[in-house]
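Shown next, in structure tokens, is the structure this report addresses.
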2 protein chains.
Amino acid sequence: MNSTIKDVAYKANVSIATVSLVTNNGGRISQETRRRVLKTIKKLDYHPSRSARGLASRKTGKIGFILTEEHFLRTEPFYSRVFLGAEFEASKKDNYVLLATVNSSFKKNDPLPRFVLERNYDGVVIAGRVPDELLNALLKYKMPIVIIDYIPHMQDFPSILIDNLRGGMLATEYLINNGHKNIAFVGGEISHPSIMERLQGYKLALDRANINNGNGLVVTNDEYLSRQNGYKSAEILFNRKKNVTAIFASNNATSIGVMQYLKDNNLNIPDDISLIGFDDVEADMLIDPPLTTIRVPKLEMGTEAVQLLRNIIKTESTTSKKIIVPIELIVRKSVKKLNI
Amino acid sequence: MNSTIKDVAYKANVSIATVSLVTNNGGRISQETRRRVLKTIKKLDYHPSRSARGLASRKTGKIGFILTEEHFLRTEPFYSRVFLGAEFEASKKDNYVLLATVNSSFKKNDPLPRFVLERNYDGVVIAGRVPDELLNALLKYKMPIVIIDYIPHMQDFPSILIDNLRGGMLATEYLINNGHKNIAFVGGEISHPSIMERLQGYKLALDRANINNGNGLVVTNDEYLSRQNGYKSAEILFNRKKNVTAIFASNNATSIGVMQYLKDNNLNIPDDISLIGFDDVEADMLIDPPLTTIRVPKLEMGTEAVQLLRNIIKTESTTSKKIIVPIELIVRKSVKKLNI
DNA sequence: TATTATCGGTTAAACGTTTAACTAGAATTA
DNA sequence: TAATTCTAGTTAAACGTTTAACCGATAATA
């Protein structure tokens, strides 16, 4: 059987409480005693029982990680990576991450993840856009929540966000610097705050460069999902405007849809049309040509979320601090330099 | 605060033990009492505390799910889906799944997942090929193990396997039925038992059809990984044989590598070369033409694994039962019918 | 009728921690 | 010197279950 705190206490000639204080880095314990206890712990290969800890401390050591099914299953492993970052950070300290998916169209009385119902968690990280109904349901449990990559309008939450505005600017500026003027902004659910911000960045960059081409160049779309969305939006764009030379696709799935449309219509990238994406996911051999894009630090978002959550849990603070992670332009081969 | 078993017992006018027996479907409780208790539980929205349960019963309710980092991060979300299946099944009963990744080249003294060290799990599911060192390390903990999609040679484990042999045959037969004779088997780490089996299926199908083209048509490769592997193997193949009309690529990543090679060498699919894959992952718009393949039921593998594991835990059996999940031929557009 | 089983529970110990309250002795202060 | 504060721990209750052992009442058996 496993050794318990009792064994350690006995061997190290101290009380149970002392051992507990040592393992929790708390209390007033002398260097000498601490060392002795630690040594005994090593020798006995003692690991505190999570269950007993949880019972006594009313902390479970568990962090929930909620994703919509749609996000988890999508082909681009965007949120998988965010999760991995969270797992990584959690395992560095002493937390377990419980991954749970919820229905993408969560309704008021749908079942919540089991760890929530059983109150078997200390806090929860939510990745990506989720329905307000879910947030409302979670709020009732009065547990800390950190949201990644989404800003609900219902209320303020501590969150980890992408620097979408700057990303939108960076992408657009890159196109401008390559001599493009007729730059379209395509796709994405415009109702999503992140997409909105990227669009702002796009507009800002154009304004700064004194480029004004009217409104026909912005095509968004709330009707279709991911790739479909890009395909349909590109279709709408080209039925409307013929003189586009560059497209800023608002996320990676959209870019792929756009590429598909261009291919189907015999438009070459980058010779006929330049394309820049957002949300870099794994350089993918099959994407041809390699896509110039704005990279989002996915792992980092996960680790930041767990750190923030842990902080909130520990300090019982109620701030809704926001952390904005930096983005980065990755130049590949989908943008052509125009002769000016 | 949350209601506890005490509250329920008090309200329902029974002892604590009775409530416990009801929630665990054990013991001899009358219909009448059971109903009353259940009703009270509903009314008070009572959920047993996992920690207390774990402490008292010496069962954690937690199942580990171990993946190598390489498998988790690879672009094709194969194991993500297996995981989702596991999660789904676990949540139907009363288990939590703890996802952990280990280094792909796990060494003897590398750190094990934390839940293992803390013995904070009732059993573990391992998905995909892992180093023997990891298995050896886990074996020391004497906890039930179920392995998905891999057969270690060191010893027998209960496992969930793909019907690779039949898959290999099915794929090859399909090519034969479409008039192909010069059929190559390409790629994959031949040291992987699954790839080996697929190769057996391939050979069996050729034998049955009385096709014998010598050995030059089989190219495997332990040097490169996934897509690279397919690319390089195709290269070797075509440097060796010129008259190939069809290729059976031993997994999806390999197929993609092969496609890339063909593209780079101006060979059209399916007009010049027919191609069939294995391990269907999400129909991907960008794969052109759509790939005919052998589909593996990923979600099902996850659910089966959890069921099997749960069974082993409950009955404390030590069998190494194996479950083979069926595969399925998915016809798309990468195979051409030859005129015979 | 006396004995034994069965039914439907109850009692109470045990699980392994955390932590508030306490204490003995040493150091500091008045 | 006497009173006070610090230091480095200890004591013991509490956390919310499970489960082996027990028990009283009723039914079955000899």
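These values consider heavy atoms only, across backbone and side chains, with no hydrogens, waters or symmetry-generated copies. Chain letters run A, B, ... following the sequence lines, proteins first, then strands; residues in each count from 1.
- Listed by first and then second residue, the salt bridge (charged side-chain N to carboxylate O under 4.0 Å, His left out) pairs involving residues 3-14 of chain A amount to none (not counting sequence neighbours).
- Regarding R35(A), its CZ atom lies at a distance of 12 Å from the P atom of dG9(D), rounded to whole Å.
- Residues satisfying the salt bridge (Lys or Arg N to Asp or Glu O under 4.0 Å) criterion with D156(A), sequence neighbours excluded, are K322(A).
- Counting heavy-atom neighbours within 6.0 Å of F157(B) CZ, excluding the residue itself, gives a total above 12.
- Residue K6(A) contributes atom NZ, which lies 14 Å from atom P of dT11(D) at whole-angstrom precision.
- Looking at residues 37-45 of chain A, you'll see that no heavy atom sits under 4.0 Å from any atom of DNA chain D.
- If you measure from atom CG of L55(A) to atom C1' of dT19(C), you get 13 Å, rounded to the nearest angstrom.
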Would you give a per-nucleotide map of nucleotides 8-14 of chain C, 5' to 3', where B means the base has a protein non-hydrogen atom under 4.0 Å away, S means only the sugar-phosphate does, and - means neither?
BBBB---
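- Residues satisfying the ring pair (Phe, Tyr, Trp, His ring centres under 6.0 Å) test with F72(B), not counting sequence neighbours, are none.
- Residues satisfying the salt bridge (Lys or Arg N to Asp or Glu O under 4.0 Å) test with R129(A), not counting sequence neighbours, are E189(A).
- Every residue was checked against the salt bridge (Lys or Arg N to Asp or Glu O under 4.0 Å) condition with E300(B), not counting sequence neighbours, and none meets it.
- At the heavy-atom level, S20(B) lies under 4.0 Å from base atoms of the strands shown.
- Aromatic ring centroids of Y150(B) and H192(B) lie under 6.0 Å apart.
- Rounding to whole angstrom units, OH of residue Y46(B) and C1' of dT17(D) are separated by 7 Å.
- Remark: F115(A) engages Y121(A) in a ring pair (Phe, Tyr, Trp, His ring centres under 6.0 Å) (not counting sequence neighbours).
- With sequence neighbours excluded, no residue forms a side chain to side chain contact (heavy atoms under 4.5 Å, CB included) with K42(A).
- For E118(A) and dT17(D), the CD to P distance is 11 Å, given to the nearest whole Å.
- Atom CZ of R50(B) is separated from atom P of dG16(C) by 18 Å (rounded to the nearest Å).
- Sorted by first and then second residue, the side-chain hydrogen bond (donor to acceptor under 3.5 Å, both in side chains) pairs involving residues 135-145 of chain B (not counting sequence neighbours) form an empty list.
- Rounded to whole Å, the distance from CG on N25(A) to P on dT18(C) is 11 Å.
- R34(B) is linked by a salt bridge (Lys or Arg N to Asp or Glu O under 4.0 Å) to nothing, counting only residues two or more places apart in sequence or in another chain.
- For the helix from dT1(C)-dA30(D) to dA30(C)-dT1(D), the end axes, each set by the C1' atoms of five terminal pairs, are bent relative to each other by 40° (nearest 10°).
- If you take CG of N24(A) and P of dG9(D), they are 16 Å apart, rounded to a whole angstrom.
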